[in-house]
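Please read the structure below before turning to the comments.
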Amino acid sequence: MTASKLREDFESYPPRALRIVAANGEEVPFELKAPQLRMARGLMAQRAAGLPMRAIIVKARKVGFCLDPETRVLTADLRWTTLDAIGVGQEIVAVDEQTVAGKGGARCMRRGVVQAKCEVLEPAFRLRMDNGQTLIATGQHRFLSRRSGATDTRWIRVDNMKVGQPIRKITEPWDEPTYEDGWFGGIIDGEGCFRAKPAGGLELTITQVPGAVYDRAAAYLAYRGITFREDVDERPAGPSKFKDSTVGRIVVHRAHDLFRLFGQTRPSRVGADAWWDGKRLPGGGKGWARVVAIEPLGVRRMIDLQTDRSTYIADGFVSHNSTQAQG
């Protein structure tokens with residue numbers, strides 16, 4: 001068969017003239033699978049009948065990387081919205097799906113957008129975590145984790161997890177704001193200063209003379225479980241409103257606490273922008289939780305979510321994109 005005739009034979013051309021790299025790295029002939037054979041034969045039948053050759057190719061993504069409908073997703077304005085309620089086009093907090101090798105290649109937080117979602121019926125599992133939280137996911141769903149004894153992170157499926165498996169998190173969900181939360185949000189707007197430190201990291205500083213307001217602010221942070229430090233600033237006489245007073249400084253610098261603090265108190269001025277965009281994932285001891293139990297739940301209604309960053313934050317944990325079937 002001549003080269004031109006061979007190219008016209010859609011069934012014979014691939015295995016006789018094309019080679020592909022197999023999973024083991026070896027080059028092998030391109031053998032058509034059954035669906036590809038059906039398509040090739042259909043095209044040749046169209047040509048034999050004198051019809052225009054036409055094939056509709058649908059690129060599909062696997063369905064089944066799903067979470068419980070009541071799982072909360074962290075939106076870009078630092079609100080928690082359930083998977084049931086979140087809509088297409090909603091801006092969310094996401095992370096880099098992959099890291100880049102070399103200096104400065106750490107995984108960072110990013111703005112993301114919900115592209116699609118759908119409901120499915122799939123077998124689900126409940127993951128009980130050592131911090132008291134639970135996650136309900138399908139076996140195929142992936143979370144950012146790491147192997148035992150390893151330091152590098154990777155996406156690991158729920159059905160490959162074992163008790164003791166660490167899962168990466170950036171914060172913990174917070175409640176709806178109370179009156180005291182609103183009061184502290186006003187303190188942040190009135191007396192707060194938020195900045196990115198030159199050496200890296202973030203810092204919220206609230207400056208206040210010792211007294212009832214200062215004590216109330218410190219008590220609020222302690223009540224909410226926010227880690228902070230207290231500094232004393234001796235001010236010399238001058239035009240400052242503090243004059244020659246001793247001034248107290250309350251400093252919050254851990255990113256996972258700043259998420260909770262800004263989301264809970266909702267100040268209007270300080271921290272209102274996407275300060276987390278492009279920043280590394282929060283570290284420290286609160287950046288991980290471990291699986292203490294895995295319980296099968298049977299088939300149940302789940303939500304399949306797709307985002308443009310292939311990631312999102314689910315109940316504070318770093319979750320991989322679900323992959324909805326698309327045409």
Side-chain angles (χ1 to χ4, degrees), residues 70-87 90-94 109 111-112 129 131-135 169-197 201-231 241 247-277 279 281-287 289 312-318:
E70 294 303 310
T71 303
R72 291 161 291 185
V73 176
L74 184 58
T75 62
D77 60 351
L78 301 189
R79 300 178 190 271
W80 293 101
T81 302
T82 65
L83 281 172
D84 241 354
I86 202 165
Q90 176 73 60
E91 286 196 337
I92 59 170
V93 179
M109 296 176 286
R111 282 181 179 267
M129 311 303 296
N131 67 346
Q133 289 184 260
T134 61
L135 293 166
K169 55 197 285 287
I170 68 166
T171 189
E172 295 174 357
W174 45 86
D175 302 326
E176 287 297 312
T178 64
Y179 178 85
E180 197 69 3
D181 295 323
W183 176 83
F184 196 86
I187 291 294
I188 293 176
D189 274 337
E191 309 296 341
C193 175
F194 185 56
R195 70 186 182 104
K197 296 188 289 185
L202 301 157
E203 187 176 81
L204 170 66
T205 302
I206 295 170
T207 306
Q208 186 69 26
V209 295
V213 173
Y214 182 96
D215 293 343
R216 183 177 175 182
Y220 168 84
L221 292 175
Y223 167 74
R224 282 296 184 194
I226 303 294
T227 300
F228 66 98
R229 74 171 190 269
E230 298 180 73
D231 297 335
K241 67 177 181 179
V247 178
R249 298 170 69 241
I250 297 174
V251 182
V252 180
H253 63 88
R254 294 181 176 177
H256 65 269
D257 283 331
L258 290 168
F259 271 118
R260 291 176 55 215
L261 188 58
F262 286 132
Q264 188 87 55
T265 65
R266 311 212 63 80
S268 300
R269 178 181 65 86
V270 179
D273 59 347
W275 50 267
W276 41 267
D277 192 11
K279 300 296 183 184
L281 273 62
K286 294 186 177 181
Y312 57 99
I313 305 302
D315 279 338
F317 292 89
V318 182

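The structure displayed is predicted, hence computed values, not measured ones.
Listed here is the closest heavy atom pair of Phe228 and Ala222: CE2-N, 3.9 Å. Taking all atoms of both residues into account, the shortest heavy-atom contact from Pro282 to Ala255 is CG-CB, 3.7 Å. Taking each heavy atom of Ala314 and Leu135 in turn, the nearest pair found is O-CD2, 4.1 Å. Residue Pro210 comes nearest to Gly248 through the heavy atom pair CD-N, 4.2 Å, listed as atom of the first residue, atom of the second, then distance. Between Arg260 and Trp174, the shortest heavy-atom distance links the atoms CA-CE3, 3.4 Å. Nearest heavy atoms, Pro173 versus Asp315: CD-O, 3.5 Å.
Using a 4.5 Å heavy-atom cutoff, the side chains of Trp80 and Val73 are not in contact. When side chains are defined from C-beta on, Leu261 counts as touching Ile188, because their heavy atoms get closer than 4.5 Å. Taking the side chain as every heavy atom from C-beta outward, Phe184 and Leu221 approach each other to under 4.5 Å. In this structure, the side chains of Ile86 and Ile92 come closer than 4.5 Å at one or more pairs of heavy atoms. No side-chain heavy atom of Leu204 sits less than 4.5 Å from a side-chain heavy atom of Val251. Taking 4.5 Å as the limit, every side-chain heavy atom of Ile170 sits out of range of all side-chain heavy atoms of Trp276. The shortest distance between side-chain heavy atoms of Leu258 and Val252 falls below 4.5 Å. Using a 4.5 Å heavy-atom threshold, the side chains of Lys169 and Gln133 count as touching.
Distance check: Thr178 OG1 to Trp183 CH2 gives 11.5 Å after rounding to the nearest 0.5 Å. A distance of 10.0 Å separates OG1 of Thr265 from CZ of Arg224, quoted to the nearest 0.5 Å. Between the NE2 atom in His253 and the OG1 atom in Thr205 there is a gap of 10.0 Å [rounded to 0.5 Å]. Residue Thr82 holds its OG1 atom at 10.0 Å from CZ of Arg72, rounded to the nearest 0.5 Å. In this structure, the separation between CG on Asp257 and OG1 on Thr171 is 7.5 Å, given to the nearest 0.5 Å. Rounded to the nearest 0.5 angstrom, Arg249 CZ and Gln208 CD are separated by 13.5 Å.
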Walk me through it: do Phe259 and Met109 pass the test side chain to side chain contact (heavy atoms under 4.5 Å, CB included)? CA-CA 12 Å; Phe259 271 118; Met109 296 176 286; 3.5 Å; yes
With side chain to side chain donor-acceptor pair (under 3.5 Å) as the test, would you mind laying out the steps for Asp77 and Thr75 before giving the verdict? CA-CA 5 Å; Asp77 60 351; Thr75 62; 2.4 Å; yes
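Contacts classified as salt bridge (charged side-chain N to carboxylate O under 4.0 Å, His left out) and involving residues 212-222 (residues at least two apart or in different chains) are given here: Glu180-Arg216.
In this structure, the side chain of Asp189 engages the main chain of Arg269 through a donor-acceptor pair within 3.5 Å.
When only modelled atom types and interatomic distance are considered, Glu191 and Tyr214 share no side-chain donor-acceptor pair under 3.5 Å.
Every residue two or more places apart in sequence or in another chain that forms a ring-ring contact (aromatic ring centres under 6.0 Å, His included) with Phe194 is listed here: Phe262, Trp275.
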